[in-house]
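The structure under discussion appears below in the form of structure tokens.
A, B, ... follow the sequence lines: proteins, then strands. Residue 1 opens every chain. When reading the values below, keep in mind they use all heavy atoms of this one structure, side chains included, and skip hydrogens, waters and symmetry mates.
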Protein chains: 2
Amino acid sequence: MINYTNNLREHNLKATPQRLAITDILYTKGHISVEVLYEMMLKKFNSISLATIYKNINLMIENSFIQEVKIPNAKSVYELTKEEHSHLVCQKCNKVLDIKIDLDSIVTQTSDAYHFNIKNSNLILSGLCQNCQQL
Amino acid sequence: MINYTNNLREHNLKATPQRLAITDILYTKGHISVEVLYEMMLKKFNSISLATIYKNINLMIENSFIQEVKIPNAKSVYELTKEEHSHLVCQKCNKVLDIKIDLDSIVTQTSDAYHFNIKNSNLILSGLCQNCQQL
DNA sequence: CTCTGTGCAAAGCGTTTGCAAACGA
DNA sequence: TCGTTTGCAAACGCTTTGCACAGAG
């Protein structure tokens with residue numbers, strides 16, 4: 001397991017074993033729900049509390065270390081903060097992929113048309129992945 | 001108040017006074033949270049229960065009469081089902097606007113590139129509306 | 001050494017459920 | 001009339017809080 005101490009400290013988060021493990025899981029899995037994260041953490045810390053998971057998730061969000069991804073008709077997942085990107089979600093197996101889509105012209109046109117100062121764009125495409133289409 | 005009996009029945013929903021009022025509020029407001037809907041309903045039905053609100057919202061969603069809109073960093077709102085569209089949200093006053101954006105080429109390209117059968121696209125642009133920029 | 005983080009138990013809050021009475025068709 | 005809906009109260013599940021102890025810096 002890579003040492004993520006510096007990654008945490010860059011976001012003003014003390015490096016505790018629990019946080020290092022959460023970070024490692026996020027790097028490895030990419031996207032994860034609270035429930036699955038808790039199950040995975042239990043394997044490493046047999047008496048970890050859900051309260052610890054929630055406290056850390058909330059603190060990590062506040063410090064912009066991670067972000068919540070709200071998915072239509074599904075539970076939220078969390079991911080490490082990275083450059084802006086969109087998501088491709090399989091409605092059957094719930095796999096989530098990061099995809100790079102250029103929304104600049106859409107953002108510019110919409111800003112102009114509605115006199116909005118657009119700060120964030122959030123695109124989620126949902127459907128069936130290659131594997132789930134065949135079942 | 002317009003009579004929405006037929007709109008409800010087209011979605012296999014019996015026209016009760018409570019449902020007609022919910023429908024009217026949705027037509028009028030466009031987008032509404034559970035909380036605000038309850039407050040508005042209380043003005044018309046002084047003993048309406050939150051359980052009734054939830055039961056109706058859930059049934060209306062099941063019957064595709066309305067849809068949930070999950071907004072990043074904010075509460076969900078509900079809207080009447082209409083043709084696919086995107087949303088523009090003000091992060092300050094929480095106003096939600098429907099916008100028409102052509103995502104066809106993005107959907108096609110992404111489908112091809114990732115071998116996904118994309119069924120839904122969900123785009124939310126967030127920022128400051130004209131009014132809130134000036135404050 | 002000091003301040004923060006952890007685990008536990010309890011509390012909180014939004015949502016759902018069960019039931020009897022009221023109502024729509 | 002019959003099946004559905006309503007309102008109420010209780011239950012539920014997820015999330016947060018308070019506290020004493022442990023641990024990071």
Side-chain angles (χ1 to χ4, degrees), chain A residues 1 3-25 32-63 65-78, chain B residues 1 3-25 32-63 65-71 73-78 94:
Chain A
M1 170 169 140
N3 186 300
Y4 297 102
T5 303
N6 290 335
N7 307 60
L8 288 165
R9 305 190 92 196
E10 282 164 14
H11 291 266
N12 294 308
L13 296 163
K14 276 194 187 177
T16 67
Q18 290 86 344
R19 289 181 186 166
L20 290 166
I22 291 173
T23 308
D24 187 55
I25 290 170
I32 200 164
S33 65
V34 170
E35 187 185 358
V36 175
L37 176 59
Y38 179 53
E39 286 166 12
M40 294 184 73
M41 289 293 285
L42 269 179
K43 291 176 186 164
K44 306 191 187 188
F45 304 86
N46 55 17
S47 67
I48 195 173
S49 165
L50 252 179
T52 300
I53 302 284
Y54 280 109
K55 284 172 188 167
N56 280 322
I57 284 181
N58 289 336
L59 201 61
M60 287 171 164
I61 290 174
E62 277 170 39
N63 293 14
F65 184 57
I66 67 172
Q67 286 180 312
E68 181 180 358
V69 183
K70 287 191 182 186
I71 301 171
N73 310 312
K75 278 186 236 173
S76 286
V77 294
Y78 298 85
Chain B
M1 169 167 139
N3 186 298
Y4 297 102
T5 303
N6 290 335
N7 307 59
L8 288 166
R9 306 193 91 197
E10 284 165 14
H11 292 266
N12 294 309
L13 296 164
K14 275 195 189 176
T16 65
Q18 291 85 343
R19 289 180 185 167
L20 290 166
I22 291 173
T23 307
D24 187 55
I25 289 170
I32 200 163
S33 65
V34 170
E35 187 186 358
V36 174
L37 176 59
Y38 179 53
E39 286 166 12
M40 293 184 73
M41 289 293 284
L42 269 179
K43 291 176 186 163
K44 306 192 187 187
F45 304 86
N46 55 17
S47 68
I48 195 173
S49 164
L50 252 179
T52 300
I53 302 284
Y54 280 109
K55 283 171 187 167
N56 280 322
I57 283 181
N58 289 335
L59 200 63
M60 287 171 164
I61 289 174
E62 277 170 39
N63 292 16
F65 184 57
I66 66 173
Q67 286 180 311
E68 180 180 0
V69 183
K70 287 191 182 185
I71 301 170
N73 310 312
K75 279 185 236 173
S76 285
V77 295
Y78 299 85
N94 298 313

Say whether, by atom type as modelled, one donor and one acceptor occur between the side chain of [X] and the main chain of [Y] under 3.5 angstrom.
X       : Y       : result
A:Asn3  : A:Thr5  : yes
B:Asp24 : B:Leu20 : no
A:Lys70 : B:Ser76 : no
B:Arg19 : B:Lys14 : yes

Length of the line joining [X]:[atom1] and [N]:[atom2], which is rounded to integer Å:
X       : N     : atom1 : atom2 : value
B:Phe45 : D:dC8 : CZ    : C1'   : 17 Å
A:Phe65 : C:dG5 : CZ    : P     : 14 Å
A:Met60 : C:dG5 : CE    : C1'   : 12 Å
A:Lys44 : C:dT6 : NZ    : P     : 15 Å
B:Leu42 : D:dT6 : CG    : C1'   : 14 Å
B:Ile53 : D:dT6 : CD1   : P     : 9 Å
A:Met41 : C:dG5 : CE    : P     : 14 Å
B:Leu50 : D:dT5 : CG    : P     : 19 Å

So with a 6.0 Å cut-off around CG of B:Asn73, is the heavy-atom count from everything else above 12?
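Not more than 12 within 6.0 Å, no.
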Looking across every strand, which nucleic acid part, if any, lies under 4.0 Å from A:Ser47 by heavy atom: base, sugar-phosphate, or nothing?
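Sugar-phosphate contact only - A:Ser47 comes under 4.0 Å of backbone atoms but never of a base.
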Presence of B:Gln18 side-chain N/O under 4.0 Å of C:dC23 phosphate oxygens OP1/OP2
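Looking at the OP1 and OP2 atoms of C:dC23, neither is under 4.0 Å from any side-chain N or O of B:Gln18.
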B:Asn58 side chain N/O closer than 4.0 Å to the phosphate oxygens (OP1, OP2) of C:dT16?
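Yes, B:Asn58 has a side-chain N/O under 4.0 Å of OP1/OP2 on C:dT16.
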Which nucleotide, D:dC8, D:dT5, C:dT6, lies nearest any side-chain atom of B:Ser49?
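Nearest nucleotide to the side chain: D:dC8.
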For residues B:Phe65 and B:Asn12, determine if any side-chain heavy atom of one lies less than 4.5 Å from a side-chain heavy atom of the other.
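No; the side chains remain at least 4.5 Å from each other.
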Enumerate the side chain to side chain donor-acceptor pair (under 3.5 Å) contacts for residues 33-43 of chain B, please, sequence neighbours excluded, ordered by first and then second residue.
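Matches after skipping sequence neighbours: B:Glu35-B:Lys75.
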Heteroatom pairs (N/O) under 3.5 angstrom, protein to nucleotides 18-25 of chain D:
unit_1	atom_1	unit_2	atom_2	d
D:dG18	O6	A:Lys55	NZ	3.0
D:dG25	OP1	A:Ala15	N	3.4

